[in-house]
Amino acid sequence: MNGNTDKKNLRDDFEARIKATKKTRWIRFGIVSLIFFLWVAWLGNWWVALAWFLLLDIYITGYIPLTWWKKSKNPAIRGIMSWVDAIVYALVLVYFVFTFIGQNYQIPSSSLEKSLLVGDYLWVNKMAYGPRVPNTPIHFPLVQNTFPVINTKSYLDHPQWKYHRLAGLGKVERGDIVVFNFPAGDTVAIKVQNPDYYTLVKMYGRENVHNNPQTFGEIVYRPVDRRENYVKRAVGLPGDRLKIVDGEIFINGAPIPQPENVQFNYYYQFGEGTDIEKVWEDLEIAVDDRHRVPVTPDDIQALRTLGFTVNPDGSVPPVYVSPLTPAMVKAIEADKNTAKIMKMPASDGEILYPAGEADTWTRADYGTIWIPKKGTRLRLTPRAWGIYGRVIRDYEGNHDATLRDGKVYIGGKPQDYYTFKMDYYFMMGDNRDNSLDSRYWGFVPEDHIVGRPERVLISFDKDRSIFNGGIRWNRILRDANPDK
């Protein structure tokens with residue numbers, strides 16, 4: 001009898017709670033339920049639909065005492081918990097907005113100047129290419145990977161979900177400015193993150209990097225979605241063959257248009273009496289890009305040969321170097337006080353991608369290199385492994401893949417061919433001679449793509465005070481993909 005009575009009491013209690021629910025709350029519950037099931041359908045994982053019962057309890061039945069504090073007789077508890085309640089709801093909302101719709105992002109470096117400027121705050125649309133289901137679902141929504149000040153991880157390593165991208169509004173197109181997780185950021189030396197870990201290993205050796213924590217710090221691994229965010233322009237798409245000749249990009253043998261504000265480094269020299277500060281201000285050359293070239297006695301003859309002014313007494317009027325757009329170059333060429341301007345040649349000896357293959361390449365003369373495409377079959381030669389080994393091993397999850405005695409082994413078995421599981425992209429900055437991009441660390445896998453910047457929300461000039469032009473008013477709500 002007691003069992004039947006308990007069931008009856010439970011049923012009566014449930015019915016009483018249902019009847020006590022106001023009509024307006026039912027309407028709110030219905031709207032939230034509709035949005036929830038549309039989201040589950042978009043997500044493509046119907047197990048998540050079980051969370052609807054939690055919504056039912058929150059809005060209708062109220063068995064879980066989430067609002068217990070409202071009945072407290074202590075006003076301090078009610079006041080504190082009301083703030084906690086509001087903050088939790090705000091964080092949950094921010095989590096879903098930042099994960100599935102979009103988020104703000106700051107331009108930290110000059111690699112895309114003058115298309116995007118240092119100090120631009122962007123709204124990044126994650127629905128443009130389809131939002132990713134988080135690899136690390138348990139993370140603090142306002143921090144990428146490390147809490148400031150306390151320097152601890154802002155995410156939990158477990159659980160880890162497999163890569164899955166929801167339906168979006170389109171695909172990455174050539175010329176798009178794209179935000180993505182830094183591919184070489186899977187392993188990080190905490191104290192030295194620029195250059196990246198793999199470049200440090202090339203420069204100093206793996207053992208030296210790992211055995212010197214006082215210099216390089218702890219070596220940590222980061223999941224894909226917790227790696228640092230980068231922003232570059234997509235110049236090479238899956239299946240393309242890319243080559244760079246004197247700074248001009250060729251795709252499948254044909255040149256592609258340069259962005260309007262593409263920049264290259266130029267040497268320039270003005271006549272005596274030129275107000276160089278005014279020239280820099282007029283051309284809007286950032287303070288960090290105003291460099292005077294040191295000249296030694298051994299350089300004088302070379303400068304004279306190149307056409308730079310050398311005074312009769314052997315002294316040399318100042319020679320400067322800065323990244324310049326085509327319009328800025330024309331302005332300097334038109335200045336009657338200009339003595340000389342010339343494009344800076346690319347230097348040899350840079351550590352480019354891939355190691356070995358790129359020994360004879362420079363940032364201005366690079367390739368040819370093929371960009372992997374999903375479903376494409378690659379013949380596995382030692383040379384192919386040198387170019388695509390990291391892609392196959394680290395990005396595609398074949399962690400035991402290795403080259404041994406001239407043969408590639410995957411899963412312990414020799415393989416003659418490999419079929420790629422993902423699409424890849426070649427990303428470059430518009431500030432071509434001052435951008436650490438795919439020329440240095442390789443391809444960007446599709447699972448690293450975050451979204452597309454849509455608008456500049458606000459922009460701050462770090463070289464000026466707030467009350468002296470520090471806010472770039474003309475950039476507010478400006479298109480963040482100006483060349484598209």
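Of the N and O atoms on the side chains of Thr338 and Asp335, not one donor lies less than 3.5 Å from an acceptor on the other residue. At a cut-off of 3.5 Å, with distance as the only test, a side-chain donor of Tyr268 or Ser322 sits close to an acceptor on the other residue. There is no side-chain donor-acceptor pair under 3.5 Å between Asn145 and Ser154. Side chains of Glu446 and Tyr425: a donor-acceptor N/O pair is absent below 3.5 angstrom, by distance only. Using modelled atom types, one finds no donor on one side chain facing an acceptor on the other under 3.5 Å when comparing Asp176 with Asn481. Side chains of Tyr418 and Asn398: a donor on one and an acceptor on the other come within 3.5 Å. Looking only at atom types and distance, the side chain of Gln263 has no donor-acceptor partner in the side chain of Lys114 under 3.5 Å away. Of the N and O atoms on the side chains of Gln258 and Arg432, at least one donor lies less than 3.5 Å from an acceptor on the other residue. Asn125 and Glu454 share a donor-acceptor pair across their side chains, judged by distance under 3.5 Å alone. Counted by atom type alone, Tyr388 and Arg390 present zero donor-acceptor pairs between their side chains at under 3.5 Å. In summary, the side chains of Ser435 and Lys232 do present a donor paired with an acceptor at a separation below 3.5 Å, with no hydrogens or angles considered. For Arg132 and Asn181, the side-chain atoms include at least one donor-acceptor pair closer than 3.5 Å.
Looking at Glu113, its side chain never comes within 3.5 Å of a backbone N or O of Ser110 through a donor-acceptor pair. Side-chain atoms of Asn135 never come within 3.5 Å of backbone atoms of Val224 as a donor-acceptor pair (strictly under, hydrogens ignored). The main-chain N or O of Gly185 is never found under 3.5 Å from a side-chain atom of Tyr198 such that the two would form a donor-acceptor pair. Between the side chain of Arg475 and the main chain of Val456, no donor-acceptor pair closer than 3.5 Å is present. Of the possible polar contacts, one joining the Asp120 side chain to the Leu117 backbone as a donor-acceptor pair under 3.5 Å is found. Although no hydrogens or angles enter the test, the distance criterion places no donor-acceptor pair under 3.5 Å between the side chain of Asp430 and the main chain of Ser115. Here the side chain of Arg377 pairs no donor or acceptor atom with the backbone of Thr419 at under 3.5 angstrom. No side-chain donor-acceptor contact under 3.5 Å links Thr199 to the backbone of Pro195. Using modelled atom types, one side-chain atom of Glu396 and one backbone atom of Met422 make a donor-acceptor pair closer than 3.5 Å. Checked by atom type and distance alone, the side chain of Thr325 never pairs as donor or acceptor with a backbone atom of Asn261 at under 3.5 Å.
Using cut-offs of 30° and 60° for the angle between ring planes, the Phe420 and Trp370 rings count as tilted. Ring geometry for His139 against Tyr95 counts as tilted: the plane angle lies between 30° and 60°, on a 0 to 90° scale. Relative orientation of the Tyr267 and Phe308 rings is perpendicular, given thresholds of 30° and 60° on the angle between their planes. Classified by interplanar angle (parallel below 30°, tilted 30° to 60°, perpendicular above 60°), the ring pair Trp441/Phe180 is tilted.
Taking each heavy atom of Val287 and Asp463 in turn, the nearest pair found is N-OD2, 3.2 Å. Taking all atoms of both residues into account, the shortest heavy-atom contact from Ala51 to Phe36 is CB-CZ, 3.9 Å. The shortest non-hydrogen separation linking Thr368 to Lys243 is OG1-CD, 3.4 Å. Of all heavy-atom pairs between Gly236 and Ile251, the closest is CA-CD1, 4.3 Å. Annotation for Ile476 and Leu457: closest pair CG2-O, 3.5 Å, computed over non-hydrogen atoms. Residues Val279 and Phe270 come closest through the heavy atom pair CG1-CZ, 3.8 Å.
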Exercise for the section: Could you check Ser111 against Asn431 for side chain to side chain donor-acceptor pair (under 3.5 Å), going step by step and ending with a plain yes or no? Expected result: CA-CA 5 Å; Ser111 67; Asn431 193 352; over 6 Å; no

Exercise for the section: In sequence, state the C-alpha distance, the side-chain angles, and the governing distance for His448 and Arg227, and then conclude on side chain to side chain donor-acceptor pair (under 3.5 Å). Expected result: CA-CA 9 Å; His448 284 56; Arg227 296 168 192 173; 2.8 Å; yes

Problem - side-chain contact (heavy atoms from CB on, under 4.5 Å) between Gln269 and Leu303, worked out - result: CA-CA 11 Å; Gln269 182 188 54; Leu303 289 171; over 6 Å; no

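Residues Leu324 and Ile285 have side chains in contact (heavy-atom distance under 4.5 Å, counting atoms from C-beta outward). Side-chain contact check for Pro238 versus Tyr424: every heavy-atom pair is 4.5 Å or farther apart. Using a 4.5 Å cut-off on side-chain heavy atoms (C-beta onward), Ile341 and Glu333 make contact. Counting heavy atoms from C-beta outward, Asn104 and Leu122 have side chains that stay 4.5 Å or more apart. You'll find the side chain of Asn229 reaches within 4.5 Å of the side chain of Tyr105, heavy atoms only. For the pair Val316 and Thr309, the minimum side-chain heavy-atom distance is 4.5 Å or more. Residues Leu436 and Asn194 are in side-chain contact: their nearest non-hydrogen atoms beyond the backbone lie under 4.5 Å apart.
We find the CD1-CD1 distance between Ile369 and Ile387 to be 5.5 Å, quoted to the nearest 0.5 Å. The line from CG of Asp437 to CZ of Arg363 is 10.5 Å long, rounded to the nearest 0.5 Å.
Separation of the Tyr155 and Phe140 ring centroids does not fall under the 6.0 Å cut-off. Aromatic ring centroids of Phe100 and Trp39 lie under 6.0 Å apart. Separation of the Tyr266 and Phe264 ring centroids does not fall under the 6.0 Å cut-off. Side-chain rings of Tyr353 and Tyr440 stay apart, their centers remaining 6.0 Å or farther from each other.
Salt-bridge annotation for Asp423 and Lys373: absent, with no side-chain N of the basic residue lying under 4.0 Å from a carboxylate O of the acidic one. A salt bridge links Asp240 with Arg174: the closest approach of a Lys/Arg side-chain nitrogen to an acidic carboxylate oxygen falls below 4.0 angstrom. Residues Glu281 and Arg464 are paired through a salt bridge, judged by an N-O separation under 4.0 Å between the basic side chain and the carboxylate. The pair Glu173-Lys171 does not meet the salt-bridge criterion, since no charged nitrogen lies less than 4.0 angstrom from a carboxylate oxygen. Note on Asp186 versus Arg222: no salt bridge recorded, every NZ/NE/NH1/NH2 to OD/OE distance being 4.0 Å or above.
Residues that satisfy the side chain to side chain contact (heavy atoms under 4.5 Å, CB included) test with Pro159, not counting sequence neighbours, are Pro137, Ile138, Trp161.
Note that Arg439 lies outside the cation-pi zone of Tyr366, set by a 6.0 Å cut-off to the ring centre and a 45° limit from the axis.
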